[in-house]
Amino acid sequence: MSPRTGRPTTDPKKHETRIRMSDREIEMLEICCKKTGLTKADVIRQGIELVYKQVSGQ
């Protein structure tokens with residue numbers, strides 16, 4: 001059997017997190033996706049980056 005193939009990456013996404021969201025939060029996320037063309041995961045990752053920069057003083 002051949003090894004698993006796919007797009008090589010320098011930043012593999014090995015961890016998975018599940019969250020509960022309200023209808024309003026889902027609506028806001030979907031609007032962000034439509035306006036930016038980003039995936040839900042990418043919008044959430046950018047949100048994490050923004051909050052991290054605020055709390056870490058960067």
Side-chain angles (χ1 to χ4, degrees):
M1 184 172 245
S2 65
R4 191 170 161 206
T5 58
R7 195 181 289 178
T9 179
T10 58
D11 188 20
K13 310 294 188 267
K14 299 185 281 184
H15 304 279
E16 194 171 318
T17 300
R18 185 176 162 162
I19 63 170
R20 294 172 58 130
M21 298 173 72
S22 69
D23 290 343
R24 177 67 182 137
E25 290 165 334
I26 290 294
E27 183 181 333
M28 291 188 309
L29 178 58
E30 289 174 353
I31 289 169
C32 290
C33 292
K34 286 178 187 171
K35 297 258 183 189
T36 63
L38 296 172
T39 65
K40 290 178 184 178
D42 287 334
V43 170
I44 292 167
R45 287 185 191 109
Q46 285 188 8
I48 293 168
E49 284 285 330
L50 286 171
V51 173
Y52 180 79
K53 287 177 183 179
Q54 290 175 353
V55 301
S56 67
Q58 291 184 347

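Computation of the quantities below employed the complete heavy-atom set of this structure, encompassing side-chain atoms and omitting hydrogens, waters and symmetry-equivalent molecules.
Taken from NZ in Lys34 to CG in Leu29, the straight-line distance is 11.0 Å, to the nearest 0.5 Å. The line from SG of Cys33 to CD1 of Ile44 is 7.5 Å long, rounded to the nearest 0.5 Å. The distance from atom OG1 of Thr39 to atom CZ of Arg45, rounded to the nearest 0.5 Å, is 6.5 Å.
Under the 4.5 Å side-chain heavy-atom criterion for Ile, Leu, Val, Met, Phe, Trp and Tyr, Ile48 and Val43 are members of the same hydrophobic cluster. In the hydrophobic clustering of this structure, Val51 does not group with Ile19; members are Ile, Leu, Val, Met, Phe, Trp, Tyr whose side-chain heavy atoms approach within less than 4.5 Å, directly or through other members.
Sorted by first then second residue, the salt bridge (Lys or Arg N to Asp or Glu O under 4.0 Å) pairs that include residues 5-23, not counting sequence neighbours, are Asp11-Lys13.
Remark: Glu27 pairs with Arg24 by the salt bridge (charged side-chain N to carboxylate O under 4.0 Å, His left out) rule, at least two apart or across chains.
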